[in-house]
Amino acid sequence: LLQEMSEGKTAEEVVMNGKDEASKPSNQDEKEKKVANAEKKEEKEPTKAKPDETKSVQEPDKAQLKEKFKLFSKFGDKSADGSTIKLSQSDKWFKQAGVIQTKGITTTDTAIAFRKLAKSSPKLSYPSWSKYIEELSASKNAQLDQIKDKLANCGPPGTNGATKVAKSTTVDRLTDTTRYGGTHKERFDSDGKGLGKEGRVDAASDGYVKGYKHKGTYVKTR
């Protein structure tokens with residue numbers, strides 16, 4: 001104290017500096033305590049792992065998958081016996097099952113993988129087709145069991161999404177036979193059913209006007 005006062009410092013400044021130096025270790029201790037408490041909380045409440053979005057799918061029934069193979073391999077081909085399948089039939093199957101989509105597996109991908117296995121043949125047998133979907137799933141990083149599950153449970157071949165009649169008030173108005181007039185009206189009966197040739201061609205005239213009641217009573221004398 002005497003030495004510091006001899007350096008020109010007042011007694012009050014020396015005392016204040018002593019208080020600051022004494023408070024520094026206590027502040028550091030408080031920070032260390034806060035860090036330790038935070039680490040303890042992390043140990044007690046560990047971060048929860050995010051659920052896996054791509055859950056594994058159980059392997060589908062092989063018999064059911066093979067049965068679908070036979071159905072789709074015969075679809076649109078009367079001469080097929082169900083032992084081999086074409087690329088077009090397989091793509092039809094994939095589209096109905098939702099395997100082929102705009103984002104993901106496309107028809108280009110299926111064509112490349114199909115030709116790789118089939119080479120010059122237009123069809124694949126069931127064992128070769130099984131290798132084909134394995135090749136396809138590996139090239140697109142897709143789950144093989146998930147693809148098989150969709151294919152096995154998509155139902156029989158159908159024509160869902162085929163050409164549908166467009167609903168329009170304009171079409172309804174133009175096809176309403178009660179609005180027709182003139183010769184067009186004579187082409188349909190009261191129920192709106194077409195009369196065919198009778199509605200288009202006039203019958204041969206017998207010389208009498210329509211509605212004449214004395215037809216056949218005229219006797220020609222000379």
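Keep in mind the model is a prediction, meaning the values are calculated, not measured. The figures that follow rest on heavy atoms only: side chains count, while hydrogens, waters and symmetry mates do not.
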| Atom pair CD1 (Ile100) and CG (Leu136), whose distance is rounded to the nearest 0.5 Å | 8.0 Å
| query | Would you call Lys68 and Leu151 a side-chain contact if the rule is heavy atoms closer than 4.5 Å? | reply | no
| field | Minimum heavy-atom distance between Ser137 and Ile147, given as atom pair plus value | value | CB-CD1, 3.8 Å
| query | Can you find a pair of side-chain heavy atoms, one from Thr106 and one from Gln101, that are under 4.5 Å apart? | reply | no
| Which distance, rounded to the nearest 0.5 Å, do you find between the NZ of Lys66 and the OG of Ser73? | 11.0 Å
| Hey, are Thr110 and Asp91 close enough side-chain-wise for a donor-acceptor pair under 3.5 Å? | yes
| field | ring-ring contact (aromatic ring centres under 6.0 Å, His included) involving Phe69 - partner list, sequence neighbours excluded | value | Tyr126, Trp129
| Are Asp149 and Gln143 close enough that some pair of their side-chain heavy atoms sits under 4.5 Å apart? | no
| query | Within the side chain of Glu135, is there an N or O that forms a donor-acceptor pair under 3.5 Å with the backbone of Ala113? | reply | no
| Does the side chain of Ile85 reach to within under 4.5 Å of the side chain of Lys123, using non-hydrogen atoms? | no
| field | Side-chain donor/acceptor of Ser128 to backbone N/O of Leu124, under 3.5 Å | value | no
| task | Using atom types as modelled and distance alone, determine if a side-chain donor or acceptor of Asp109 lies under 3.5 Å from a backbone N or O of Ile105. | result | no
| field | Approximate separation, where rounding is to 0.5 Å, of Ser130 OG and Lys62 NZ | value | 9.0 Å
| task | Side-chain contact test, heavy atoms from C-beta onward, threshold under 4.5 Å: evaluate it for Ser90 versus Tyr132 and give yes or no. | result | yes
| query | Counting only N and O atoms by type, is there a donor-acceptor contact under 3.5 Å from the side chain of Ser121 to the main-chain atoms of Ala118? | reply | no
| field | Trace of the side-chain contact (heavy atoms from CB on, under 4.5 Å) decision for Lys148 with Leu144 | value | CA-CA 6 Å; Lys148 288 182 177 181; Leu144 178 60; 3.9 Å; yes
| query | Checking Gln96 side chain against Trp93 main chain: does a donor-acceptor pair fall under 3.5 Å? | reply | no
| query | Hey, are the side chains of Phe72 and Cys154 touching, using non-hydrogen atoms and a 4.5 Å cut-off? | reply | yes
| query | Does the side chain of Phe114 come within less than 4.5 Å of Ile133's, by heavy atoms? | reply | no
| task | Over all heavy atoms of both residues, which pair between Lys150 and Ala97 is shortest? Give the atoms and the distance, please. | result | O-CB, 3.4 Å
| request: May I ask you to check whether over 12 heavy atoms, not counting those of Lys193, lie within 6.0 Å of atom NZ? | output: no
| So if you build clusters from Ile, Leu, Val, Met, Phe, Trp, Tyr with side-chain heavy-atom gaps below 4.5 Å, do Val99 and Leu117 land together? | yes
| field | Nearest-0.5 Å distance that lies between atom CG in Asp81 and atom NZ in Lys74 | value | 7.5 Å
